[in-house]
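Notes to accompany the following structure.
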Amino acid sequence: MEKTSSSGLTRTKSDQLVETLAAAFKSPVSSGEAPAGMVSSDGGGATLSRKSSRRLLMAASPGRSSVSGKNNTHIRKSRSAQLKLDLDEVSSGAALSRASSASLGFSFSFTGFTVPADEIADSKPFSDDDIPEDIEAGNHKPKIQTEPTLPIYLKFTDVSYKVIIKGIASSEEKEILNGITGSVNPGEVLALMGPSGSGKTTLLNLLGGRLMQPTISGSITYNDQPYSKFLKSKIGFVTQDDVLFPHLTVKETLTYAALLRLPKTLTKQQKEKRATDVIYELGLERCQDTMIGGSFVRGVSGGERKRVCIGNEIIINPSLLFLDEPTSGLDSTTALRIVKMLQDIAEAGKTVVTTIHQPSSRLFHRFDKLILLGKGSLLYFGKASEAMVYFSSIGCSPLIAMNPAEFLLDLANGNINDVSVPSELQDRVQMENSDNETRNGKPSPAVVHEVGQTASIINRNKVIIF
Ligand SMILES: Nc1ncnc2c1ncn2[C@@H]1O[C@H](COP(=O)(O)OP(=O)(O)OP(=O)(O)O)[C@@H](O)[C@H]1O
């Protein structure tokens, strides 16, 4: 491997590992030969087996309990004169001059809502059978967004992105993404996983059409077409840092979103009903009259806040929903609930792509597809459920039982402490570890040489060793 040259002496073993994994993964992709973990774009019927868990979700939803808004212990909004925005004014556009859309947290332009008949010709209408029953309450809950959407198949091939960092004397190119390939179908949730700084948000922005730079290469297609203005109204994007207006209640936030973002073809009543439906779909009934809150005023919980952000986007019935770290800062149960909700959204025919930082094992298994990034390179793309099998097939498996997501992140980080090494090379690695300890945090020339040798074994046998 080229990295054994003298210039490579300062590189760490973890750098070697990540690049080796990327190389081991990349070669079969470019040659058209799928690795063990790679899946075809057909996606399969991962969504079909979810009905039972969805029922549990409905039953567990706090929004389904008999507690009415009156019993809510959260701080409620005091209806001060300054904050009382008239919905009529908003719908007629007058309130827009008072409160900018940015301050209300609406980052998107006004969007179309109805889908032309020819676009939805192929989409299957929802039947009553699809409506899950709420076992606990004994009634039916409407599924997420019942209007049909244009199904969008997202495919990206060999996507690379670099930035030019301008210094005082000279400028330097920095590679952010390097040859990322993948795809996601309507009805699926694709998770982008990787250590901090691996390029998840950048990739999400690229796929969501939010980053247009001449330094982007590769292809990104939506139903085999490049990004167009028309797609803007079909894409929802939930950013990591939300900008919700702290003094509005949940209901007001979503109602304003509906009034501002839904097309003029809908009446005010229809828009308000859409907001109410979203509140119900996302299980926000219990906190609908609670203020969002902020630094100075206590409001809804973190999980509820995330759901409001998601509601702001699904209110326009997007075909493609992108989310940047929707579970960050949440406990594992709340995070699981958010991901179950994303599954529900996908089941309604939408294509969902989300970045995820450190999912619990329960959460990890809920994703249909996974992209694992390491330092901007693709380490894995395929079914999430097959990621461990794939890495095990190339000689990488955890020595102790552990959360697969944790293991994969360790691998992407180059942290190899709890990872097994194929037996035929184990002795050499042990010798290497004991004899060639790093000096001053840098690998000795012997270590680099040894890693270079083992790296060549990877290319021959698709065995990963470090
Ligand atoms: N415009 C830019 N100029 C310089 N560096 C950039 C730019 N955009 C991204 N980067 C760098 O690219 C790398 C990937 O950034 P990105 O935000 O995509 O990572 P991430 O995986 O989402 O990280 P985190 O999980 O911490 O949010 C980082 O090292 C970041 O500093």
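Along the sequence shown, residues carry numbers from 1. Quick note: numbers below take in every heavy atom, side chains included, and nothing from hydrogens, waters or symmetry partners. Counting starts at 1 for both ligands and their atoms, following the listed order.
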Original post:
With a 4.0 Å heavy-atom cut-off (strictly under), which part of T202 contacts ligand 1: side chain, backbone, both or neither?
Top reply: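 T202 to ligand 1: contacts from backbone and side chain alike.
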[X] and [Y] ion-paired at < 4.0 Å:
{"X": "R261", "Y": "E313", "value": "yes"}
{"X": "K162", "Y": "E173", "value": "yes"}
{"X": "D242", "Y": "R305", "value": "yes"}

**OP:** Ignoring angles and geometry beyond distance, decide whether T201 reaches within less than 3.5 Å of ligand 1 through its nitrogen or oxygen atoms.
**Re:**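 Between T201 and ligand 1 (N or O atoms, distance only) the closest approach is under 3.5 Å.
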**OP:** Say whether G197, considering both its backbone and side-chain N or O atoms, lies within less than 3.5 Å of an N or O atom on ligand 1.
**Re:**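 Between G197 and ligand 1, an N or O pair is found under 3.5 Å apart.
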Show the atoms of ligand 1 that are less than 4.0 angstrom away from any heavy atom in [X].
{"X": "H357", "result": "25 (O)"}
{"X": "E325", "result": "25 (O)"}
{"X": "P195", "result": "21 (O)"}
{"X": "I176", "result": "5 (N), 6 (C), 9 (C), 10 (N), 11 (C), 12 (O)"}
{"X": "V163", "result": "1 (N), 2 (C), 3 (N), 4 (C)"}
{"X": "K174", "result": "5 (N), 11 (C), 29 (O), 31 (O)"}
{"X": "S198", "result": "19 (O), 21 (O)"}

Subject >> Minimum-distance protein heavy atom relative to atom 24 (P) of ligand 1 >> reply: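 Answer, as residue, atom name and distance: S196 OG, 3.7 Å.
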Original post:
Considering only protein heavy atoms, which is closest to atom 25 (O) of ligand 1, and at what distance to one decimal place?
Top reply: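 Going by distance alone, atom 25 (O) of ligand 1 is nearest to K200 NZ, 2.8 Å.
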Original post:
Considering only heavy atoms from C-beta outward, does the side chain of I338 approach that of I310 to under 4.5 Å?
Top reply: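 Result yes, sub-4.5 Å side-chain heavy-atom pair found.
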Original post:
Does G376 come within less than 4.0 angstrom of ligand 1, counting non-hydrogen atoms of the residue?
Top reply: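 Contact absent.
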**OP:** Look at the rings of Y390 and Y380 and say which category their plane angle falls in: under 30° parallel, 30 to 60° tilted, over 60° perpendicular.
**Re:**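 Rings of Y390 and Y380: tilted, 30 to 60°.
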[X] to [Y] - nearest heavy-atom pair and separation:
{"X": "L244", "Y": "C309", "result": "CD1-SG, 3.8 Å"}
{"X": "I152", "Y": "K234", "result": "CD1-CB, 4.1 Å"}
{"X": "A405", "Y": "N403", "result": "N-OD1, 2.9 Å"}

Original post:
S160 and L177: side chain to side chain contact (heavy atoms under 4.5 Å, CB included), yes or no, with the steps?
Top reply: CA-CA 5 Å; S160 298; L177 292 172; 5.5 Å; no
